[in-house]
Amino acid sequence: MSTFRSDFLRTLDERGFIHQISDEEGLDKLFATETVTAYIGFDPTAPSLHAGGLIQIMMLHWMQATGHRPVSLMGGGTGMVGDPSFKDDARQLMTVDTIEANIASIKKVFANYLSYGEGPRDALMINNADWLRDLNYLEFLRDVGRHFSVNRMLSFDSVKTRLDREQSLSFLEFNYMILQAYDFVELNKRYGVRLQMGGSDQWGNIVNGIDLGHRMGTPQLYALTSPLLTTASGAKMGKSLNGAVWLNADMLGAYEFWQYWRNTEDADVPRFLKLYTTLPMDEIARLSLLAGSEINEVKKILATEITAMLHGRSAAEAAAETARKTFEEGGLAADLPSVEVGSGELEAGIGVLAAFAEKAGLVASNGEARRQVKSGGLKVNDVVVTDDKQVLTLRDLTPEGVIKLSFGKKKHVLLRPA
RNA sequence: GGGGGAGUGUCCCGAGCGGCAAAGGGGGCGGACUGUAAAUCCGCUGGCUAUGCCUUCGUAGGUUCGAGUCCUACCUCCCCCA
């Protein structure tokens, strides 16, 4: 379909969120005529979502912005099973405590993108543990299990990859898609949910839910998936210099988050502006034209806009300013990530290797630090370290009273005497 | 239940006649070149109080001066038969 009538689908379409829809026309009509409730499931496999999950959150955001009701479903129940879709190995089983802790932590981020409440268009946060944890096995098998054909489930790509590689798929994991399908139906019954969205890897699971709905008498349900995110050169989204790009502020600061987007590949800039910012489309079109000479300026706007949504406008601007001082003036920005060290320790002297590995945590081990010295990757106060026996003392403090440690061109940590 | 095959460096894949910190990829990281980009080229990719020491090849034992490599038991997975 070339044009959608509903604001929601038109927005998603023009911004590049849509990979597949189960029934474009039907769904468009639904969105055009009523307030729709739709959900996306989030697995509590870590204490924070990372950049890869941002696209789902943005879809929920646009739902609300266009007058509908988004539901974020926490997988407190399904998390006990683990989604095997397109995975090679079974996941480590998580304890209930871990799952609950992860959910509590993940939740914090959503309020930055959605407004919650009791109104008809206020977002909902729901945990599928509410209905999954107390299921009666036999009842469940008879009411729900009988609608599933194992033959059909085995035919899904998400499972086939696992089987083709001759890797085992436990019965536990195999049940994941049944539970997810059941979630969809249950959410329809409880909250009138009509649509489930997700990454393209979720297509099979979502369609299963639609089928189950048919058999269990729900109204027509719909599926909408977003494209799998990779950068223009094919790398997976969401990994930064120091690891995963977490959304929770306590796991990744605003500065590092900003840096991640600042380093976007040229070819990705227009696409990311559409997906991850709420800038109007004509503004994005204008910025995309600048992509030649001023692309670096556009990348800063991109980074600042995305960071502002998550961490707040002032934190985003502070991050931009820190980066400007650090990279453009080659100077020393006081609010780079910093680590405190006892001034007594510094008086006694800290070996460079230990400073980089143990104190700043910029490298994984002393050995790694030693190797980096050999390839010239470490700098103290912008001077390349050439001797791995060098010792940092009070004399290395800059006039600002810190020691700047750099690993590569982009990673900097300040040592600050306590 | 019977028979056959497999598990290697804590990112992944994958070689490995009893002398092995273990080939080769991919990925990742650093350097050069650039624009905090991409592409390309070069280097690195167990730990440490380091001319040495310690820990690694599914787990636990055993043979041996010496075991990823041989033997035994166990665990897990795959395939065939029942």
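The structure displayed is predicted, hence computed values, not measured ones. Below, read A as the first sequence line, B as the second, and so on, with proteins coming before strands; counting in each chain starts at 1.
Classification of Asp268(A) and Arg271(A) as a salt-bridged pair holds, one side-chain N sitting under 4.0 Å from a carboxylate O. For the pair Lys411(A) and Glu256(A), the salt-bridge criterion is not met [side-chain N within less than 4.0 Å of a carboxylate O]. Looking at Glu100(A) and Arg133(A), a side-chain N of the basic residue comes within less than 4.0 Å of a carboxylate O on the acidic one, giving a salt bridge. Under a 4.0 Å N-O distance rule, the pair Glu139(A)/Arg142(A) does not qualify as a salt bridge. Between Arg313(A) and Glu305(A), at least one side-chain N (NZ, or NE/NH1/NH2) sits under 4.0 Å from a carboxylate O, which counts as a salt bridge.
Taking a pair to require two hydrogen-bonding distances under 3.5 Å in either a Watson-Crick or a G-U wobble arrangement, rG7(B) pairs with rC75(B). The nucleotide rU56(B) finds no pairing partner, because no Watson-Crick or G-U wobble arrangement with both distances shorter than 3.5 Å includes it. Across the strands present, rG1(B) finds its partner in rC81(B); the criterion is a Watson-Crick or G-U wobble pair with both atom distances under 3.5 angstrom. Summarising the base pairing, rU51(B) is matched to no nucleotide, lacking a Watson-Crick or G-U wobble pair whose two defining distances lie under 3.5 Å. As the counterpart of rC41(B), rG31(B) is assigned, both hydrogen-bonding distances of the Watson-Crick or G-U wobble pattern falling under 3.5 Å.
Here the nucleotide nearest the side chain of Lys409(A), chosen from rU34(B), rC29(B), rA37(B), is rU34(B). Among the nucleotides rC29(B), rU36(B), rA50(B), the one closest to any side-chain atom of Ala323(A) is rU36(B). Nearest nucleotide to the side chain of Gln372(A), out of rC48(B), rC29(B), rU36(B): rC29(B). When distances run from any side-chain atom of Ser365(A) to the nucleotides rU49(B), rG31(B), rG47(B), the shortest one goes to rG47(B). Minimum atom distance to the side chain of Phe407(A) is reached by rC29(B), of the listed rG35(B), rC29(B), rA37(B). Of the candidate nucleotides rU36(B), rG35(B), rA37(B), rA37(B) has the atom nearest to the side chain of Glu265(A).
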Problem - Derivation of the side-chain hydrogen bond (donor to acceptor under 3.5 Å, both in side chains) call for Ser6(A) and Asp28(A) - result: CA-CA 6 Å; Ser6(A) 62; Asp28(A) 189 37; 2.7 Å; yes

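Contacts of Arg324(A) with the nucleic acid, taken as non-hydrogen atoms under 4.0 Å apart, are absent. Thr326(A) comes within 4.0 angstrom of nothing in the nucleic acid, heavy atoms only. Within the nucleic acid shown, Arg262(A) comes within 4.0 Å of at least one base atom, counting heavy atoms only.
Protein atom CD of Glu328(A) is 13 Å distant from nucleotide atom P of rA37(B), rounded to whole Å. The interatomic distance linking Leu378(A) (CG) with rC44(B) (P) rounds to 16 Å, in whole Å. The interatomic distance linking Arg370(A) (CZ) with rA50(B) (C1') rounds to 7 Å, in whole Å. When rounded to the nearest whole Å, the span between CD of Glu368(A) and C1' of rC48(B) equals 15 Å. Distance Glu358(A) CD to rC48(B) P: 8 Å, rounded to the nearest Å.
Annotation: Phe31(A) is not in aromatic contact with Phe4(A) [ring centroid separation under 6.0 Å not met]. Between Tyr191(A) and Tyr39(A), the distance from one ring center to the other does not fall under 6.0 angstrom.
To the nearest whole angstrom, the two P atoms, one in rG58(B) and one in rG14(B), are 14 Å apart. Between rU10(B) and rC81(B), the two C1' atoms lie 38 Å apart (nearest whole Å). Rounded to a whole angstrom, the distance from the C1' atom of rC20(B) to that of rA67(B) is 10 Å.
OP1 or OP2 of rG30(B) lies within a sub-4.0 Å distance of a side-chain N or O belonging to Lys411(A). OP1 or OP2 of rC44(B) has not a single side-chain nitrogen or oxygen of Ser375(A) nearer than 4.0 Å. For Asn366(A) and rA50(B), the shortest distance from a side-chain N or O to OP1 or OP2 is not below 4.0 Å. Arg371(A) has a side-chain polar atom (N or O) that falls below the 4.0 Å cut-off from OP1 or OP2 of rG47(B). Taking 4.0 angstrom as the limit, Lys299(A) places none of its side-chain polar atoms (N or O) nearer than this to OP1 or OP2 of rA38(B). Between Lys410(A) and the phosphate of rA37(B), there is a side-chain N or O to OP1/OP2 separation shorter than 4.0 Å.
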Polar atom pairs between nucleotides 51-57 of chain B and protein, under 3.5 Å, N or O only, would you list them?
none

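Aromatic ring orientation, Tyr276(A) versus Trp261(A): tilted (interplanar angle from 30° to 60°).
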